[in-house]
Amino acid sequence: IGLIAIPAWVIAVAWPDADARWRAVSAFVRAFFRGVGVPLRLAGREHLDRTPCVLVLNHASNLDGIALVGLLPRGFTIVAKRELARNILLAPALRRLGVLFVERFDQARAARETAAFYEELSHGRSLAIFPEGTNRRASGPRPARRNTRSCAACRRPSASLFSTPA
């Protein structure tokens, strides 16, 4: 992963054009997954380009968020846990890719941060969100966190995406 992560990080942090930056990092992500024998596929991708929506995903692996960069079109904002904003290696690249960070444990702060979701949607961007807020091993979906459930009230089309074994 390091062979692809380092140039992808440099592009994410240094590339000035946001669209070109997303496309370049996305290409690196797809190359990484192909290289490890896990080609990325997203059935119905053509439906994601039509109108701003909220894409609700299950969270099965630490690689889920990375895979999203390789799968989703540029008009998406990925929502990630606030802990990643404090990671000195990941945070700069994630911010430059337009990731929004959300608090998972302080409900008052989480409610304030949810306003950024509405802001993104009002500017024509879609959201990709993991409402369970974790990827711990457990059978079946876990309850959604309160701040992510509030996206249901944003009056935008939503879709659920669940990963399946190849």
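From a predicted model like this one, the values you see are computed outputs, not experimental measurements.
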Chi angles and distances behind the side chain to side chain contact (heavy atoms under 4.5 Å, CB included) call for F130, L68: CA-CA 11 Å; F130 298 100; L68 284 181; 3.6 Å; yes
Before giving the answer on side chain to side chain contact (heavy atoms under 4.5 Å, CB included), spell out for F117 and L100 the whole-Å C-alpha distance, their side-chain angles and the decisive distance to 0.1 Å. CA-CA 8 Å; F117 299 169; L100 285 180; 4.0 Å; yes
Show the numbers, then the answer: is there a side chain to side chain contact (heavy atoms under 4.5 Å, CB included) between V29 and L71? CA-CA 9 Å; V29 167; L71 287 169; over 6 Å; no
Is there a side chain to side chain contact (heavy atoms under 4.5 Å, CB included) between R95 and F101 once you walk through the steps? CA-CA 9 Å; R95 282 191 181 95; F101 300 102; 3.7 Å; yes
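Rounded to the nearest 0.5 Å, atoms CZ (F76) and CD (E120) are 12.0 Å apart. Interatomic distance, L72 CG to S126 OG, rounded to the nearest 0.5 Å: 9.0 Å. Taking CZ of F33 as the start and CG of L63 as the end, the distance is 4.5 Å to the nearest 0.5 Å. The distance from the CH2 atom of W22 to the CG atom of D19 is 10.5 Å, given to the nearest 0.5 Å. Here the straight-line distance linking atom CG of L94 with atom CG of L84 works out to 6.0 Å at 0.5 Å rounding. Atoms CD1 and CG, from I11 and L97 in turn, are 10.5 Å apart once rounded to the nearest 0.5 Å.
Residues L42 and V69 share a single hydrophobic cluster, defined by chaining ILVMFWY side chains whose heavy atoms lie under 4.5 Å apart. Grouping the Ile, Leu, Val, Met, Phe, Trp and Tyr side chains by contacts below 4.5 angstrom, directly or via other members, places W15 apart from V10. Under the 4.5 Å side-chain contact rule for hydrophobic residues, V36 and L40 share a cluster.
A 4.5 Å side-chain heavy-atom check between R82 and R109 finds at least one atom pair inside the cut-off. A 4.5 Å side-chain heavy-atom check between R30 and S26 finds at least one atom pair inside the cut-off.
Only one option out of L55, V56, T77, I78 pairs with L127 in a side-chain contact (heavy atoms from CB on, under 4.5 Å); it is T77.
In this structure a side-chain-to-backbone donor-acceptor pair under 3.5 Å is missing from R34 to P39. A donor-acceptor pair is defined here as one N or O able to donate and one able to accept, closer than 3.5 Å; no such pair exists between the side chain of R125 and the backbone of E119. Remark: the backbone N or O of R23 is not paired with any side-chain donor or acceptor of R74 at under 3.5 angstrom.
Across A91 and A85, no two heavy atoms sit closer than the pair CB-O, 3.4 Å.
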